[in-house]
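Following: one structure in structure tokens, then a few remarks.
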Amino acid sequence: QYEAAGALRRALAGAGGKSEDEIDEVEKHLATLARAADDENTTNQMEVSRMAGQLVSYGLVVQLQHSSGRFLSVKKDRAAQQKIAMEVALDPGSTGCPWLIRPAEVVKVEGEIVMV
């Protein structure tokens with residue numbers, strides 16, 4: 001859940017060259033987006049706390065956080081060499097960050113604990 005944070009970054013980037021009325025409207029919009037981003041962050045932190053220490057099972061959606069605080073994400077449209085490839089990057093948080101844990105073997109099923 002990083003839609004509000006992304007909208008906030010886009011709005012901040014496009015705020016230059018506006019009239020005073022437009023600036024007031026942008027400021028109101030930015031305040032709304034900032035509150036929504038804060039709410040998303042709170043929800044995400046609560047989910048992290050809830051899931052801490054839980055076993056990982058097939059079918060679970062996870063986010064992998066780097067020590068820098070950024071998340072491992074997939075950029076489907078930015079792979080350089082091959083059409084079927086995807087770029088993996090560190091992102092401050094976006095809709096490309098969730099990873100679905102899927103079994104590579106047919107004998108494994110969703111809900112089964114992942115064994116390393």
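The shown structure was predicted, so the numbers you read here are calculated from the model rather than taken from an experiment. Side-chain atoms are counted along with the backbone in the values below, which use heavy atoms only and exclude waters and symmetry mates.
Formation of a donor-acceptor pair under 3.5 Å by the W99 side chain with backbone atoms of V74 is not found in this model.
A 4.5 Å side-chain heavy-atom check between L90 and H66 finds at least one atom pair inside the cut-off. Inter-residue side-chain proximity for D91 and C97 is flagged as met; some heavy-atom pair is nearer than 4.5 Å.
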Anything under 3.5 Å between a donor and an acceptor, one on a side chain of residues 100-112, the other on a protein residue two or more places apart or in another chain? List them.
{"unit_1": "E112", "atom_1": "OE1", "unit_2": "V109", "atom_2": "N", "d": "3.3"}

Using atom types as modelled, flag every donor-acceptor pair under 3.5 Å from a side chain in residues 49-61 to any protein atom, sequence neighbours excluded.
{"unit_1": "S49", "atom_1": "OG", "unit_2": "Q45", "atom_2": "O", "d": "3.2"}
{"unit_1": "R50", "atom_1": "NE", "unit_2": "E47", "atom_2": "OE1", "d": "3.1"}
{"unit_1": "R50", "atom_1": "NH2", "unit_2": "E47", "atom_2": "OE1", "d": "3.4"}
{"unit_1": "R50", "atom_1": "NH2", "unit_2": "E47", "atom_2": "OE2", "d": "2.7"}

Item checked: Residues N44, M46; criterion side-chain contact (heavy atoms from CB on, under 4.5 Å); working and verdict -> CA-CA 5 Å; N44 290 340; M46 287 173 31; over 6 Å; no

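Residues that satisfy the side chain to side chain donor-acceptor pair (under 3.5 Å) test with T42, not counting sequence neighbours, are absent from this structure.
Closest heavy-atom contact between Q63 and P98: CG-CA, 4.1 Å.
In the hydrophobic clustering of ILVMFWY residues, with side-chain heavy atoms under 4.5 Å counting as a link, F71 and V48 come out apart.
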